[in-house]
Amino acid sequence: MEIALKIKALKGFKDIVPGEVLLWQYLERVARDVFDRFHFREIRLPILEETELFARSIGEATDIVEKEMYTFVDKQVTMRPEATASMVRAYIEHGLYVEKPVQRLFTIGPMFRHERPQKGRLRQFHQMDVEVLGSENPRVDVELIAMGAMLLDELGMQVSLELNSLGCPACRPGYRAELISYIDKRHDLLCSDCKRRSTTNPLRVLDCKVPSCREQIVDAPSILEYLCDQCKDHFGKVQAGLEQLGVPYRLNKFMVRGLDYYCRTTFEFITADLGSQAAVAAGGRYDGLVEILGGPKNSPGIGFAIGMERLVLLLQQQQAVIPEDEVDLYIAGIGEQGSRKGFELANAMRARKFSVAMDHEGRSLKSQMKQANKAGARFVFIIGDAELESGKGILRNMLGNEEQQEVLLSAAALADALPESLVS
RNA sequence: GUGGGCGUAGCUCAAUUGGUCAGAGCACCUGGUUGUGACCCAGGAGGCUGGGGGUUCAAGUCCCCUCGCUCACCCCA
């Protein structure tokens, strides 16, 4: 170890080093392309918001708000634990609903939750968040879900889609009461967590992983049987739409949400390859949220978030196409004069849109060739005393075997000698 | 907040019952006749074995404490 390098990144905070960044960029590139095809526009949002925003939207009693937020207590501001609240805040603040009745937005960036880190779960993590604000049409639900499926498919992900409806303020309370009475009858047979849940968040009992609890809830009342006519109709159209587009899904009447604002359609794209962090993307409808945050009444919304760390983990373990780092041209100078000329050419070639690498440490030609190879250079241009003398450098094709040619020591000649496909 | 696993070179890991055990592979650097990569060969650099204390003639190797990492629970993307 060098000098006291004692300061390390915080627990749950990770550097994404250059070798991994390629994968992240690939992920973002594919995602932006898909979002664009579905005509979503990017919005960039602040990372810090008033604490109140999250308390009101996510819910005071949720775990996120109760114990996982990074809050500056003396300032009443919080590092965002998710993006939907900010998205809706911006939607209201800028009157976006006036500019365009239905807004289709996405944002990409870091989120912060103070949880114990584990596989696929960090304290600073990254999400791609997609939202449609201003439409209640079930076709929007279908389109959004289909987009998620298309994105994951294009990334080569093996995931499955689970779907449920949570009802609305008109029908959920009735169901909740039924469920509570069902749970209470079996209270003694539940695990300790579920005993606690039965009062704090009874719906959570439905997705407990303890086998004995699962046995108890197999016959629990299903929300789907308690949906009001409007919700039932809406959910039916969502399912029909998914079938029309050929998006496979599985009904999961036990799937619930951790955030208060969700209603009606909820869905998760899950994988079996990430340990306990199975959800790579999840979301749902939140028709009351805009109004709760002070926006216009009757402003429905739906969206979902994609966990980028989780996707990167999957890409890595599924050994998906890992893009390689490479440069077009490596300039190898021999001796002070040669590297001096090379230095000038490198700059000129970069101005001509070629990516160019060069060594400044006075390495031997052999060493520079090795560097060029490692950098993934397509071509190496060699300039030494002899070349300065003749006015022509040696252009070597690194992909072929021993293919070399002489090229005048000028950026114009060099650019002509290189394949046009390299120009970026 | 609760539980389990683990901490030896940049990375992945070895080191018999505590006694040349501080190593290998990869990566890195330099060479293999004057100025040419990938493969190969030869050298080299790199670790106070996470930190502190204890037991012992002797400790990566045993005990205690501490810090860190990791997986899982809770919860969630």
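We name chains A, B, ... by the order of the sequence lines, and we start the count at 1 in each one.
- The backbone N or O of A/L96 lies less than 3.5 Å from a partner atom in the side chain of A/Q103, making a donor-acceptor pair.
- Among the nucleotides B/G35, B/C71, B/A38, the one closest to any side-chain atom of A/Q118 is B/C71.
- At whole-Å resolution of the value, NE2 in A/H114 and C1' in B/C74 are 14 Å apart.
- When rounded to the nearest whole Å, the span between NZ of A/K11 and C1' of B/G1 equals 13 Å.
- Between A/Y262 and A/Y286, the ring planes are perpendicular. Angles over 60° get that label, and only those under 30° would be called parallel.
- At a threshold of 4.0 angstrom between heavy atoms, the contacts of A/E82 with the nucleic acid are absent.
- Summarising the geometry, the separation between CZ on A/R116 and P on B/U70 is reported as 11 Å, rounded to the nearest angstrom.
- Counting any heavy atom pair closer than 4.0 Å across all strands shown, A/L122 reaches a base atom.
- Using a 4.0 Å heavy-atom distance criterion, A/A372 is classed as making no nucleic acid contact.
- The A/Q404 side chain lies nearest to B/U36 when the options are B/A77, B/U36, B/U30.
- When each of B/G37, B/G68, B/A77 is scored by its nearest atom to the side-chain atoms of A/E115, the top-ranked nucleotide is B/A77.
- In this structure, A/E131 atom CD and B/A77 atom P are separated by 12 Å, rounded to whole Å.
- For A/R186 and A/Y182, the positive end sits near the middle of the six-membered ring, less than 6.0 Å away and at most 45° from its axis.
- Across all strands, A/A386 comes closer than 4.0 Å to base atoms (heavy-atom distances).
- As rounded to the nearest Å, B/C21 and B/C28 have C1' atoms that lie 25 Å from one another.
- The separation of B/G4 from B/C40, taken at their P atoms, amounts to 46 Å, rounded to a whole angstrom.
- Using atom P as the reference point in both B/U12 and B/U70, the two lie 12 Å apart (nearest Å).
- For B/G60, the base is syn relative to its sugar; the glycosidic angle is within 90° of 0.
- Atom P of B/U8 sits at a distance of 10 Å from the matching atom of B/A14, rounded to the whole Å.
- Nucleic acid contact class of A/K119 (heavy atoms, under 4.0 Å, all strands): sugar-phosphate only.
- Residue-to-nucleotide contacts include a donor-acceptor pair under 3.5 Å from the side chain of A/K366 to the base of B/G32.
- Heavy atoms of A/G120 sit under 4.0 angstrom from at least one base atom.
- Spacing between atom CG of A/N373 and atom C1' of B/A38 amounts to 5 Å, rounded to whole angstrom units.
- Using a 4.0 Å heavy-atom criterion, one finds that A/E387 contacts the bases of the nucleic acid, with or without backbone contacts as well.
- Residues A/F381 and A/Y330 keep their aromatic ring centres 6.0 Å or farther apart.
- A/D385 comes within contact range of at least one nucleobase, with a heavy-atom separation under 4.0 Å.
- In this entry B/C69 has B/G5 as its Watson-Crick or G-U wobble partner, both defining distances falling under 3.5 Å.
- Atom name P, nucleotides B/A15 and B/C29: the rounded distance is 30 Å, in whole Å.
- The NZ-P distance, from A/K374 to B/C29, rounds to 4 Å in whole Å.
- Rounded to whole Å, the distance from CG on A/D63 to P on B/U2 is 16 Å.
- The same atom, P, is picked in B/C67 and in B/C26; the two are 39 Å apart, to the nearest Å.
- Set against B/A77, B/U30, B/G37, the side chain of A/R310 has B/A77 as its closest nucleotide.
- Toward the 5' end of RNA chain B, the nearer of the two residues A/K14 and A/A305, judged by each one's closest nucleotide, is A/K14.
- Separating the CZ atom in A/R378 from the CG atom in A/L329 is a distance of 11.0 Å, to the nearest 0.5 Å.
- Both the sub-6.0 Å distance and the 45° axial angle are satisfied by A/R104 relative to the ring of A/F40.
- Side chain of A/I394, nearest nucleotide from B/A77, B/U36, B/G68: B/U36.
- Whole-Å rounding puts the A/M111 CE to B/C75 C1' distance at 18 Å.
- With respect to the salt-bridge test (charged N to carboxylate O, under 4.0 angstrom), the residues A/R32 and A/E42 qualify.
- Nucleotides B/A45 and B/G31 place their C1' atoms 14 Å apart, quoted to the nearest Å.
- For residues 264-271 of chain A, proximity to RNA chain B is found at no residue, defined as any non-hydrogen atom under 4.0 angstrom from a strand atom.
- For the atom pair CD of A/E361 and CD of A/Q371, the computed distance is 9.0 Å after rounding to the nearest 0.5 Å.
- For the salt bridge (Lys or Arg N to Asp or Glu O under 4.0 Å) criterion with A/R121, the lone passing option out of A/E68, A/E309, A/E115 is A/E115.
- Residue A/T62 is classed as having no contact, given no heavy-atom separation below 4.0 Å to the nucleic acid.
- The partner of B/G44, taking Watson-Crick or G-U wobble pairs whose two distances both stay under 3.5 Å, is B/C28.
- RNA chain B is contacted by both A/K67 and A/H126; A/K67 maps to the nucleotide lying nearer its 5′ end (nearest heavy atom per residue).
- In this model, a donor atom of one side chain and an acceptor atom of the other lie less than 3.5 Å apart for A/D141 and A/T265.
- At the heavy-atom level, A/R123 lies nowhere under 4.0 Å from the strands shown.
- The P atoms of B/G5 and B/C63 are separated by 13 Å, rounded to the nearest whole Å.
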